[in-house]
Asks: 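Below you'll find the structure I mean.
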Amino acid sequence: MTSASWSTALRGRFLAFEGPDGSGKSTQIGRFQAWAEAQQLPLTLVREPGGTAVGERVRQILLDPIHSEMTVRCEMLLYMASRAQLMEERIEPAIASRACVLSDRFVGSTLAYQGAAGGIPERDIRAVAQVAIGGRWPDLNVLFDVDTETAMKRLNPLLDRMEGKGMDFHRRVRDGYLAEAHRDPKRHLVIDASRSPDEVFEQLINGLRRWSESFSPAVAG
Ligand code: TMP
């Protein structure tokens with residue numbers, strides 16, 4: 001069966017693309033967008049923090065290196081505030097219209113950055129997330145996994161506030177992502193993002209096809 005047929009299984013699904021800074025996630029999002037268009041799959045792409053007028057203002061505060069005094073709790077709540085707006089304004093209506101929703105980062109980022117790396121207990125993050133997203137967790141988190149040395153080499157030397165937190169912080173981010181994927185394998189697709197963009201995209205599409213077959217065996221092929 002052609003990819004056009006199984007891709008319909010992605011309609012009305014909520015995907016989050018996750019990964020450390022420098023994972024190549026943005027390149028893959030561009031490719032996925034072009035692929036979805038070719039498949040005539042309606043796609044709503046949103047990014048975090050941001051994706052709404054309110055959220056983009058919050059993003060500026062979060063990423064501006066001038067706010068070096070920001071506490072990790074404040075940071076976590078600001079990410080969640082942006083997310084709450086995004087959920088009601090963009091994500092829920094798109095899912096209701098049976099589009100595939102792709103969020104460039106979601107709660108998985110908060111668990112990795114403010115949780116595993118920042119030290120906020122996971123249960124606290126989950127409790128706030130429950131309020132922010134009203135129980136609408138992604139159907140699948142795609143983790144673009146890459147070792148920290150490779151990831152850091154890929155970054156623009158003008159680091160934003162989060163990127164500038166140092167190697168140890170970013171190692172804990174990666175470990176946090178991998179631990180969460182291990183804890184909940186059904187909702188994670190882990191991709192080796194140290195490979196070339198073509199190879200990474202191939203892993204992504206193959207992984208999505210296998211995943212879609214798990215809930216929609218009729219479109220397998
Ligand atoms: P971006 O570079 O992918 O646009 O992401 C913005 C930065 O914000 C990135 O360094 C990851 C970080 N981040 C968090 O620390 N917690 C979160 O909940 C989210 C969504 C992003």
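Order of appearance sets the numbers: ligands from 1, and atoms from 1 within every ligand.
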Asks: Against heavy atoms of Thr110, which atoms of ligand 1 measure under 4.0 Å?
Replies: 17 (C), 18 (O)
Asks: Any idea how Tyr113 and Phe169 line up, ring-wise: parallel (<30°), tilted (30 to 60°), or perpendicular (>60°)?
Replies: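 Because their plane-to-plane angle lies in the 30° to 60° range, the rings of Tyr113 and Phe169 count as tilted.
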Asks: What's the spacing between Phe106 CZ and Arg47 CZ if we round to 0.5 Å?
Replies: 16.0 Å
Asks: Need the ligand 1 atom indices (1-based, order shown) with element for anything under 4.0 Å from a heavy-atom of Lys25.
Replies: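 Answer, ordered by atom number: 3 (O).
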Asks: Please state which protein non-hydrogen atom is closest to atom 7 (C) of ligand 1 and give its distance, to 0.1 Å?
Replies: Leu63 CD2, 3.8 Å
Asks: Are Asp198 and Arg31 within salt-bridge range, i.e. N to O under 4.0 Å?
Replies: yes
Asks: So which bit of Asp21 gets within less than 4.0 Å of ligand 1, heavy atoms only: side chain, backbone, both or neither?
Replies: side chain
Asks: Are the side chain of Arg90 and the backbone N or O of Gly51 linked by a donor-acceptor pair below 3.5 Å?
Replies: yes
Asks: Could you tell me whether Arg83 approaches ligand 1 through its side chain, its backbone, both or neither, with non-hydrogen atoms closer than 4.0 Å?
Replies: side chain
Asks: What heavy-atom pair brings Arg98 and Pro42 nearest, and what distance separates the two atoms?
Replies: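 Heavy-atom minimum between the residues: O-CG, 4.3 Å.
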Asks: Met162 heavy atoms, cut-off 4.0 Å: which ligand 1 atoms fall inside?
Replies: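 So the answer, numbered in order with elements, is 8 (O), 10 (O), 12 (C), 15 (O).
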Asks: Of the backbone atoms (N, CA, C, O) and the side-chain heavy atoms from C-beta on, which set of Gln114 has a member under 4.0 Å from an atom of ligand 1: side chain, backbone, both, or neither?
Replies: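 Gln114 to ligand 1: side-chain contact only, backbone stays beyond 4.0 Å.
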Asks: Which protein non-hydrogen atom lies closest to atom 3 (O) of ligand 1, naming both residue and atom, and how far is it?
Replies: Arg105 NE, 2.7 Å
Asks: In the protein, which heavy atom is nearest to atom 8 (O) of ligand 1, and how far is it?
Replies: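 Ranked first by proximity to atom 8 (O) of ligand 1 is Tyr79 OH, 2.9 Å.
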Asks: Where's the contact between Arg59 and ligand 1, heavy-atom distance under 4.0 Å: side chain, backbone, both or neither?
Replies: side chain
Asks: Check this for me, if you would: do Asp104 and Lys25 make a salt bridge, where the nitrogen-to-carboxylate-oxygen distance has to be below 4.0 angstrom?
Replies: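 A salt bridge is present here (some side-chain N lies under 4.0 Å from a carboxylate O).
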Asks: Donor-acceptor check, side chain of Glu48 to backbone of Ser82, threshold 3.5 angstrom: yes or no?
Replies: no
Asks: Glu48 heavy atoms, cut-off 4.0 Å: which ligand 1 atoms fall inside?
Replies: 20 (C)
